[in-house]
Participant: 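Once you've had a glance at the structure underneath, I'll fire off some questions.
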Amino acid sequence: MLSINFHPFINLETERLLLRRIDINDVEEVLAMRGNPETMKYIPRPLAKTKEDALEHIAMIEEKIQSNVGINWGITIKGNNKIIGIIGHYRIQPENHRAEIGYMSLPEFNGKGYITEAIKIVVAYGFEHMNLHSIEAIIDPDNIASERVLQKNGFVKEAHILENELWEGKYWDTVIYSLLRRNFRS
């Protein structure tokens with residue numbers, strides 16, 4: 001079984017991005033992401049409606065880091081401290097050396113390769129620092145943009161599960177993509 005430890009918290013850096021710890025100063029951007037119906041279209045979770053909702057989300061992220069059960073970073077463009085997205089590992093299964101990766105970004109930053117770049121470094125962290133064997137991503141089958149960034153990062157489709165999640169009176173399909181450590185190219 002893996003022993004997960006996110007202390008000290010490690011910032012991650014790519015050519016264009018700095019991935020850093022999210023804090024209460026990011027409340028406006030978290031609210032803009034989690035409260036935007038377009039951003040949340042493929043994520044069956046409640047919309048953040050207030051700053052308090054966004055602060056609760058930030059507190060939940062921090063609590064998971066503190067208890068070593070999940071880690072998220074705020075994605076920033078180097079030279080600007082404002083977050084443009086959130087990415088991280090959660091639903092960690094230490095007994096299986098597996099975790100799920102999740103990500104989102106503000107719509108105005110979509111299509112610029114930032115999420116593809118962030119996934120690359122977060123996957124490297126998962127394999128090299130967390131000692132994961134596999135990383136999965138669970139997406140809505142209609143989320144073509146998410147599917148593309150996963151494929152660009154070497155993820156392969158494992159399954160398409162029909163109507164396996166009930167959200168607000170609708171059954172949602174999910175698609176599972178995964179990447180094994182042996183197939184990872186840093």
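The model shown is predicted, which means the values in this text are computed figures rather than measured ones. By convention here, the first residue in the shown sequence is residue 1.
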Participant: Using every non-hydrogen atom in the two residues, find where Pro141 and Val175 come nearest and quote the distance to one decimal.
Facilitator: CB-CG2, 3.6 Å
Participant: Under 3.5 Å, side chain of His89 to main-chain N/O of Val69, donor-acceptor pair present?
Facilitator: no
Participant: Under 3.5 Å, side-chain donor or acceptor atoms of residues 144-154 against the rest of the protein: list the pairs with distances, not counting sequence neighbours.
Facilitator:
unit_1 : atom_1 : unit_2 : atom_2 : d
Ser146 : OG     : Tyr103 : OH     : 2.5
Glu147 : OE2    : Tyr177 : OH     : 2.6
Gln151 : NE2    : Tyr177 : OH     : 3.2
Asn153 : OD1    : Lys120 : NZ     : 3.3
Asn153 : ND2    : Thr116 : O      : 3.3
Asn153 : ND2    : Val149 : O      : 3.0

Participant: Indicate the atoms forming the closest heavy-atom contact of Ile86 with Ile83, along with that distance.
Facilitator: CG1-CD1, 4.3 Å
Participant: Between Arg98 and Glu158, is the closest basic N to carboxylate O distance under 4.0 Å?
Facilitator: yes
Participant: Where do Ile43 and Met104 come nearest, in terms of heavy atoms and distance?
Facilitator: CD1-CE, 3.4 Å
Participant: Between Glu13 and Lys78, is there a salt bridge with N-O shorter than 4.0 Å?
Facilitator: yes
Participant: Closest approach of Asp53 and Leu47, non-hydrogen atoms and distance?
Facilitator: OD2-O, 4.2 Å
Participant: Taking atom CD1 of Ile10 as the centre, report whether more than 12 heavy atoms of other residues, nucleotides or ligands fall under 6.0 Å from it.
Facilitator: yes
Participant: Which residues satisfy the side-chain hydrogen bond (donor to acceptor under 3.5 Å, both in side chains) test with Arg34, sequence neighbours excluded?
Facilitator: none
Participant: Which atom pair, heavy atoms only, marks the closest approach of Ile75 to Ala118?
Facilitator: CD1-CB, 3.9 Å
Participant: Using side-chain hydrogen bond (donor to acceptor under 3.5 Å, both in side chains) as the criterion, list what pairs up with Glu38, not counting sequence neighbours.
Facilitator: Lys41
Participant: Could you check, using the six-membered ring where one of them is a Trp, whether Tyr42 and Trp172 have ring centers closer than 6.0 angstrom?
Facilitator: no
Participant: Work out which heavy atom in Ile176 is nearest to a heavy atom in Ile161; give both atom names and the distance.
Facilitator: CD1-CD1, 3.6 Å
Participant: Assess the side chains of Thr174 and Asn164: does a donor N or O sit below 3.5 Å from an acceptor N or O?
Facilitator: yes
Participant: Answer yes or no: is there an ion pair linking Asp26 with Arg21, defined by an N-O contact shorter than 4.0 Å?
Facilitator: no
Participant: Taking Lys51 as the fixed residue, which of Glu28, Glu29, Glu56 is the one that meets the salt bridge (Lys or Arg N to Asp or Glu O under 4.0 Å) rule?
Facilitator: Glu28
Participant: Does atom CD of Glu108 have more than 12 heavy-atom neighbours from other groups under 6.0 Å away?
Facilitator: yes
